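Taking it in order: structure first as structure tokens, then the write-up.
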Amino acid sequence: MAKNLNSISFTVLLLVLVIASTGFLKSEAAGCGTNPCTSTAQIAFLDECPDAHGKTNAECCTCCKNKYGSPPVCWAAVEGSDIPKHCHCYKRII
């Protein structure tokens, strides 16, 4: 019984590690701009776009592109704990 439990525990742990390493749990924000970033490892915070606070990621992307251009903007997300959430613009670092 203990051997089966160890096998199940190991399998579950392996499954969690595989899911975490694939980026499945990363931000829902999509790349934006003419040359979007493909990974959050490639981005750095650029600035906020107050006009899109509390709106969707797509509206945030449009706001960032209009304010800062594309490039440098390659990622945008409405995020944070404040209400309304803030529109954050990101640039490529690699």
Side-chain angles (χ1 to χ4, degrees):
M1 178 71 176
K3 189 174 184 177
N4 288 341
L5 210 50
N6 283 339
S7 295
I8 292 170
S9 297
F10 178 75
T11 303
V12 169
L13 178 62
L14 185 62
L15 181 63
V16 168
L17 289 173
V18 168
I19 289 173
S21 68
T22 61
F24 182 75
L25 303 175
K26 288 188 179 176
S27 171
E28 293 180 13
C32 90
T34 56
N35 190 11
C37 297
T38 58
S39 162
T40 55
Q42 298 177 333
I43 63 174
F45 180 73
L46 177 64
D47 204 352
E48 291 186 345
C49 197
D51 295 341
H53 285 356
K55 298 187 179 177
T56 67
N57 287 336
E59 291 170 310
C60 179
C61 177
T62 300
C63 182
C64 291
K65 287 190 303 185
N66 290 340
K67 188 170 183 179
Y68 302 106
S70 176
V73 172
C74 68
W75 190 274
V78 177
E79 56 193 5
S81 59
D82 296 345
I83 302 294
K85 292 186 177 187
H86 291 193
C87 172
H88 293 162
C89 309
Y90 293 90
K91 63 182 178 178
R92 182 181 307 276
I93 58 173
I94 294 177

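All values derive from a computational prediction rather than experimental measurement. Atom set for the values below is all heavy atoms of this structure, side chains included, hydrogens, waters and symmetry mates excluded.
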Requested in this report: Write down the atom of Ile43, the atom of Cys37, and the distance for their closest heavy-atom approach.
Outcome: CG2-SG, 3.3 Å

Query - Partners meeting side chain to side chain donor-acceptor pair (under 3.5 Å) with Asp47 (sequence neighbours left out) - result: Tyr68

Query raised in the report: When rounded to the nearest 0.5 angstrom, what is the spacing between OH in Tyr90 and SG in Cys60?
Result: 9.0 Å

Requested in this report: Look at atom NZ of Lys85 and say whether more than 12 heavy atoms of other residues, nucleotides or ligands are closer to it than 6.0 Å.
Outcome: no

Query raised in the report: Can you list the residues that meet the side chain to side chain contact (heavy atoms under 4.5 Å, CB included) rule with Cys63, with sequence neighbours excluded?
Result: Cys49, Asp51, Ala52

Query - Heavy-atom check, side chain of Lys67 versus side chain of Pro50, under 4.5 Å - result: yes

Requested in this report: Output the distance between atom CH2 (Trp75) and atom SG (Cys64), rounded to the nearest 0.5 Å.
Outcome: 12.5 Å

Query - Which residues share a side chain to side chain contact (heavy atoms under 4.5 Å, CB included) with Glu48, sequence neighbours left out - result: Phe45, His53, His86, His88

Query - Nearest atoms (heavy-atom pairs only) where Ala76 meets Cys61 - result: CB-CA, 3.6 Å

Requested in this report: Name all residues meeting the side chain to side chain contact (heavy atoms under 4.5 Å, CB included) criterion together with Ser70; count only those two or more places apart in sequence or in a different chain, and write none if there are none.
Outcome: Thr34, Lys65

Report task. Kindly give the heavy-atom pair with the smallest separation between Val73 and Leu46, and that separation in Å. Result -> CG2-CD2, 3.8 Å

**Report entry** Donor-acceptor contact present, side-chain Asn57 to main-chain Val78, <3.5 Å
**Finding:** yes

